[in-house]
Amino acid sequence: MKIAVTYENGNVFQHFGKTENFKIYDVEDGKIVSGEVVSSNGEGHGALAGVLADLGVKALICGGLGEGAKTALQSAGIEVCSGASGNADDAAEAYLAGQLDDAGVNCDHHDHEEEGACGSGCGGGCGGCHGGCGGGPQIYLEGPNAGKTVSVHYTGTLDDGTKFDSSLDRNQPLDFICGAGMMIPGFDKAVCDMEVGQTIDIHLEPEEAYGPVNPNAVMTVELEQLQGAEGLEVGQRVFLSNAMGQPFPVTVTAKDDTTITLDANHELAGKPLNFTIKLLSAE
């Protein structure tokens, strides 16, 4: 059996779709017998499922993961355990010991998915759920495409013209269930009313995107109170766990000899966003 971990400098890389390397572990009788770091070959998001399948991987451990990527991985017969962080070797050992919990769809970096929108993640340890948890998604929007699986290409820019994301750059369309809350509200609502082949430009205020900046989401704690904080750097994006054991992303915004400041706001919170969207299919 082979398991893979998104990998960077010895740790679990936190964005599955942008990982440049995986560490592949050969497992025999429930124990790791070897490990090798391999390149993702420049592939991104759903295409990475094929890379891992070709390597014979049967399970993936990662940090953040989107709905489309998880679907592609499961279709390739790869079990997914998201929400992991810290040392990659330790994460692999914890997975084999049944000590990692799957956070489900939790990625907030790519595909403009709404944080926490999918709450059907497995409640038990990874290794016990093989994609069968939960029922179908609840559709909360109305429109011709509501409830359909849609495929879109998009480019997102800030008001000053800065491009922050584009499926075209990755040559990988975004697939999601329209109207199910998998996307930020304004993006989801716009696609619900589109026709296949149509291209539109939309402008979203923060309330229809990632919301306003919440000052209560910024916290300063003593370094000694946060395990592993000594190795963190300003600008780094990491995952912490809340009281329920669920992971959530934070950005290190300041650090000195005794304290560290963490911001749990989305990186695009408080910013108006612009999207050019083309609807490729709706089924």
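Each residue takes its place number in the sequence, starting with 1.
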Which residues pass the side-chain contact (heavy atoms from CB on, under 4.5 Å) test with [X], not counting sequence neighbours?
| X | answer |
| --- | --- |
| Thr258 | Glu222, Asp256 |
| Val218 | Thr261, Asp263, Asn265 |
| Asn9 | none |

Distance, nearest 0.5 Å, that separates [atom1] of [X] from [atom2] of [Y]:
| X | Y | atom1 | atom2 | answer |
| --- | --- | --- | --- | --- |
| Leu262 | Thr220 | CG | OG1 | 7.5 Å |
| Thr6 | Phe16 | OG1 | CZ | 8.5 Å |
| Lys2 | Glu36 | NZ | CD | 8.0 Å |
| Leu52 | Leu73 | CG | CG | 6.5 Å |
| His266 | Thr251 | NE2 | OG1 | 9.5 Å |
| Thr162 | Asn274 | OG1 | CG | 11.0 Å |

### Query
Is the backbone N or O of Asn216 less than 3.5 Å from a side-chain atom of Asn214, with the two atoms forming a donor-acceptor pair by type?
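It does hold such a pair.
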### Task
Would you check if the side chain of Lys255 reaches a backbone N or O of Leu223 as a donor-acceptor pair within less than 3.5 Å?
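A pair under 3.5 Å: no.
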Flag the pair [X] / [Y] as yes when at least one side-chain heavy-atom distance between them is below 4.5 Å, and no otherwise.
| X | Y | value |
| --- | --- | --- |
| Phe13 | Asn21 | no |
| Leu273 | Leu158 | yes |
| Phe176 | Val191 | yes |
| Asp89 | Lys23 | yes |
| Asp159 | Lys271 | no |
| Ser167 | Gln172 | no |
| Asp188 | Tyr140 | yes |
| Asp193 | Pro144 | yes |

Quick one: salt bridge (Lys or Arg N to Asp or Glu O under 4.0 Å) partners of [X], sequence neighbours excluded?
| X | answer |
| --- | --- |
| Lys148 | none |
| Asp201 | none |
| Asp169 | Lys163 |

### Query
Looking at Ala84 and Val12, what are the two nearest heavy atoms and their distance?
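Minimum heavy-atom contact is O-CG1, 3.8 Å.
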